[in-house]
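What follows is a set of notes on a single structure, which appears directly below.
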Amino acid sequence: MLVDCDPGHDDAVMLVCAAAYADVVAVTTVNGNVGLGRTTANALAIADHLGWDVPVHAGAARPLLADPIDAPEVHGHSGMDGVTLPDPDRTAPGDAVEVLIESTRAEEGIWLVPTGPLTNVALALRADPGLDERLAGICLMGGGGSGGNVTAAAEFNVYADPEAAAITFRARCPVRMCGLDVTHQVTTDATFAARVRGVGGPAATLVAEVVEAGIARFGRYATSTIDPPMHDPVALLAVTHPHLVEGTVAAIEVDTGFGPSRGATIVDRRIVTRDGVDPRVGVTTEWVHTADAPAMLDLIVDACRRWA
Ligand code: BDR
Ligand code: CA
């Protein structure tokens, strides 16, 4: 697996699950929840905290076209406010796009799991038109079939770089969208934080602090859920434990216009068009709509036990 992320509280929990359940070739970082310097330092610090010797490579510092946006109201100015992490004792080379390409040349059939804006993914797809054919697929956290969290229409990761998302959804491999429809099913609360804390060890401390930071902040801005959702682990667990999600083949378009629905993902749920055509024929995108939330939360707790 290749993991492309912007830690980010829920990215950190995704990284715990990745370290526990996946064979991760590399972690790549992108500008997103905070600037690239912070997302990269956070990824390095999380890996150090877990004693996880995974290569980390920095990628794009800004979106393809859009002005950068960040999310300090959710993650704080460090990207990991409220979470105690060590200062990383290494730096990351700035070659994420090359790593995405070269890793798939060295080994075909890798899953790419992006949990931040899709800038690195789009740059890699553009730089190497054969990349998508060497991947097993792309399973991303982003978008949503029924509204957004940054705007009424758009989810953060897609809104942050809609042009990159549009390129990604056109990739010629399976592209699974784990958007707000499904991540808002996997929510946490104080009871879950206490359960995780009870496990003990560095991963449990990290996840508990993430959940507690989310509880402290989330109620102030949430529009669709009050309990903090575990967005990014859903995309990771959808690959490592695919029986825990349900999806359906559906064409997905990104609105790259500059109106009120910029960054929206339009999911075609029709089974027949007015011309009598099945719009799903030849489509390689999948809209993930259902998750087994209790099982996913159990997996997060079980992941933490590996460091207890
Ligand atoms: C997504 O946006 C980020 O703030 C989270 O890390 C997640 O990837 C949710 O919209
Ligand atoms: Ca993220």
Side-chain angles (χ1 to χ4, degrees), residues 2-18 27-36 38-40 42-43 46 59-60 63 66 68-83 96 112-121 138-162 164-165 168 176-188 206-207 210-211 213-214 217-218 220-225 227-238 254 262-265 288 291 296 300:
L2 286 158
V3 173
D4 186 72
C5 58
D6 63 336
H9 290 88
D10 54 328
D11 298 80
V13 180
M14 178 278 295
L15 288 170
V16 169
C17 293
V27 171
T28 54
T29 57
V30 67
N31 173 76
N33 286 318
V34 281
L36 180 68
R38 289 271 17 137
T39 60
T40 305
N42 290 340
I46 292 160
I69 60 160
D70 54 14
E73 75 284 7
V74 185
H75 302 273
H77 290 284
S78 72
M80 290 297 296
D81 277 17
V83 178
L112 172 55
V113 178
T115 63
L118 291 149
T119 319
N120 291 341
V121 178
I138 300 171
C139 187
L140 64 93
M141 191 284 132
S146 49
N149 56 3
V150 173
T151 70
E155 180 279 332
F156 178 82
N157 289 339
V158 176
Y159 185 76
D161 196 340
T168 303
R176 313 180 85 190
M177 182 178 91
C178 301
L180 299 177
D181 320 281
V182 70
T183 66
H184 278 175
Q185 296 167 26
V186 187
T187 58
T188 57
L206 170 60
V207 173
V210 164
V211 174
R217 288 175 174 276
F218 203 76
R220 296 214 306 270
Y221 78 95
T223 51
S224 3
T225 70
D227 295 330
M230 279 292 123
H231 299 286
D232 293 343
V234 174
L236 188 288
L237 295 172
V254 178
R262 176 169 169 79
T265 46
V288 177
M296 287 198 167
I300 293 170

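One-based numbering, in listed order, for ligands and for the atoms of each. Each residue takes its place number in the sequence, starting with 1.
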Which heavy atom in D181 sits nearest to a heavy atom in S146, and how many Å separate them? OD1-OG, 3.2 Å

What N, O or S atom of D6 is found closest to the Ca ion (ligand 2)? OD1

In short, C178 meets C139 closest at the heavy-atom pair SG-SG, 3.8 Å

Side chain, backbone, both or neither: which applies to D11 and ligand 1 if a contact is any heavy-atom pair less than 4.0 Å apart? side chain

Test side chain to side chain contact (heavy atoms under 4.5 Å, CB included) applied to L180 and H231, step by step: CA-CA 8 Å; L180 299 177; H231 299 286; 3.5 Å; yes

Please lay out, stage by stage, how M177 and V182 fare under the test side chain to side chain contact (heavy atoms under 4.5 Å, CB included). CA-CA 9 Å; M177 182 178 91; V182 70; over 6 Å; no

With a 4.5 Å heavy-atom cut-off, do C5 and T39 have their side chains touching? no

Audit row: V234, Q185, side chain to side chain contact (heavy atoms under 4.5 Å, CB included) steps and yes/no: CA-CA 10 Å; V234 174; Q185 296 167 26; over 6 Å; no

Under a 4.0 angstrom heavy-atom cut-off, which atoms of ligand 1 come close to N149? 9 (C), 10 (O)

Nearest protein heavy atom to atom 3 (C) of ligand 1, by residue and atom, and its distance? N33 OD1, 3.1 Å

Suppose we only count N/O/S atoms under 3.0 Å; would D10 qualify as near the Ca ion (ligand 2)? no

Taking only non-hydrogen atoms of D10 and a 4.0 Å limit, the atoms of ligand 1 in range are 5 (C), 6 (O), 7 (C), 8 (O)

For atom 8 (O) of ligand 1, which protein heavy atom lies nearest, and how many Å away is it? D232 OD1, 2.6 Å

Has T115 got an N/O/S atom less than 3.0 Å from the Ca ion (ligand 2)? yes

Which residue and atom name correspond to the protein heavy atom nearest atom 10 (O) of ligand 1, and how close is it? E155 OE2, 2.5 Å

Sole candidate of T29, D232, N42, V3 that passes side chain to side chain contact (heavy atoms under 4.5 Å, CB included) when paired with D11: D232

Say whether S78 and D81, considering side chains only, have a donor N or O and an acceptor N or O under 3.5 Å apart. yes

Quick one: which ligand 1 atoms are inside 4.0 Å of a heavy atom on N157? 1 (C), 2 (O), 7 (C), 8 (O)

Run the numbers for me: atoms of ligand 1, each under 4.0 Å from some heavy atom of T115, listed by number. 8 (O)

N/O/S atom name from D232 that is nearest to the position of the Ca ion (ligand 2): OD2

